[in-house]
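Since the structure comes first, as structure tokens, the remarks are kept for the end.
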Amino acid sequence: MQNYREAVEDFVDIHKFGLTVAVIAAAGALTFRRWMGGRVCRSKVRLDGKTVLITGANTGIGKETALDMAQRGARVILACRDMTRAHIAADEIRQKSGNGNVVVKKLDLSSLQSVRDLARDIGESEEHLDILINNAGIMMCPQWKTEDGFEMQFGVNHLGHFLLTNSLLDLLKKSTPSRVVIVSSMAHERGRIHFDDINLDKDYDPRRSYGQSKLANVLFGKELAARLQGTGVTVYSLHPGVIRTELGRHIFPTLSLLLRIIAKPLFLLLKTPWEGAQTTIHCAVDESLANVSGLYYSDCAPKTPAPQALDDDAAKKLWDLSASMVGLA
């Protein structure tokens with residue numbers, strides 16, 4: 001035992017500098033990880049008798065949000081493109097929450113017809129809709145087109161949700177007080193709405209497209225809140241954080257081998273899907289937000305968005321353009 005203790009003391013003495021650096025680095029990484037985790041929704045409100053529809057709820061923060069809503073007693077509708085994965089997710093949510101009132105509906109946001117079909121289905125089968133969470137999205141994909149010929153990121157992230165929300169407004173108004181929660185991103189800060197080339201046919205770039213679509217989310221939330229003022233339907237847009245999900249699957253393959261090696265351990269410092277879902281949950285249920293509408297949130301608190309997201313004229317112009325693109329009167 002004495003020899004063992006002496007060996008340890010010798011090792012520490014020899015490697016004192018390296019061990020000090022390692023301890024400081026570990027402490028820094030732990031502090032950074034806790035900071036990255038962000039705030040947690042503290043509301044204990046129950047949702048018994050309420051109906052919640054969440055797009056893209058078969059994975060990532062959408063799935064965690066659906067689980068939380070189910071644990072609060074809500075009827076939860078998972079609106080998803082991949083029905084196989086959606087049914088698997090629904091089974092897991094039922095098992096973990098003890099709530100059997102979890103249903104799956106088909107929704108492909110890249111098809112306006114699919115959006116219309118779901119809205120018609122919900123209108124016919126649901127007596128009320130208390131919370132609509134526009135969560136699904138695609139990030140930095142190649143230059144793809146939707147079924148209707150729109151640029152994919154703008155089409156899925158904005159236009160599909162724009163049409164879905166407007167198609168469900170009558171039911172949301174009937175169910176007041178009700179809420180619309182729009183998952184955007186801090187990427188809106190570098191976004192610009194290219195009104196002269198909305199599909200970016202002239203100069204496509206995945207990052208430019210993603211920034212445009214996320215800025216459109218915030219502008220949509222702002223204009224929607226203004227149009228719904230006094231109806232009892234409140235609207236919130238948000239940045240969920242930088243999260244370990246499948247959303248970045250189009251980015252990783254484009255990185256060099258060296259960047260992939262560096263990125264893998266850093267990936268562990270990002271928010272988990274549970275942590276990333278907290279701001280969405282906060283906007284969906286927190287009692288303090290009942291009489292607030294049109295604001296942007298991050299880490300369960302209001303945050304001032306980028307200046308271009310506060311432009312009333314741009315919000316109205318985007319609304320009119322979007323309505324024309326999806327065929328709304």
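Any value given below was found using the heavy atoms of this structure, including those in side chains, with hydrogens, waters and symmetry copies removed.
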What residues, two or more places apart in sequence or in another chain, satisfy salt bridge (charged side-chain N to carboxylate O under 4.0 Å, His left out) together with [X]?
X: R116; result: none
X: R46; result: D48
X: E147; result: none
X: D312; result: K222

With a cut-off of 3.5 Å and sequence neighbours excluded, list every side-chain donor-acceptor pair involving residues 167-181.
{"unit_1": "S167", "atom_1": "OG", "unit_2": "L163", "atom_2": "O", "d": "2.7"}
{"unit_1": "K174", "atom_1": "NZ", "unit_2": "E127", "atom_2": "O", "d": "3.3"}
{"unit_1": "S175", "atom_1": "OG", "unit_2": "L129", "atom_2": "N", "d": "2.8"}
{"unit_1": "S175", "atom_1": "OG", "unit_2": "L129", "atom_2": "O", "d": "3.3"}
{"unit_1": "S175", "atom_1": "OG", "unit_2": "L171", "atom_2": "O", "d": "2.6"}
{"unit_1": "T176", "atom_1": "OG1", "unit_2": "K173", "atom_2": "O", "d": "3.3"}
{"unit_1": "S178", "atom_1": "OG", "unit_2": "L172", "atom_2": "O", "d": "2.7"}
{"unit_1": "R179", "atom_1": "NH1", "unit_2": "C283", "atom_2": "O", "d": "2.9"}
{"unit_1": "R179", "atom_1": "NH1", "unit_2": "D286", "atom_2": "O", "d": "3.2"}
{"unit_1": "R179", "atom_1": "NH2", "unit_2": "D286", "atom_2": "O", "d": "2.9"}

Residues which pass ring pair (Phe, Tyr, Trp, His ring centres under 6.0 Å) with H188, listed by chain and number, not counting sequence neighbours: Y296
Ring pair (Phe, Tyr, Trp, His ring centres under 6.0 Å) contacts in which one or both residues fall within residues 76-124, not counting sequence neighbours: none
Summary of ring pair (Phe, Tyr, Trp, His ring centres under 6.0 Å) pairs that have at least one residue in residues 301-329, sequence neighbours excluded: F162-W319, F220-W319
N135: side chain to side chain donor-acceptor pair (under 3.5 Å) partners, not counting sequence neighbours: none
Set of side-chain contact (heavy atoms from CB on, under 4.5 Å) partners for S114, sequence neighbours left out: L107, D108, S111
Pairing residues for N199 by the side-chain contact (heavy atoms from CB on, under 4.5 Å) criterion, not counting sequence neighbours: K145, F150, E151, D201, M325
ILVMFWY clustering at 4.5 Å (side-chain atoms), partners of L310: none
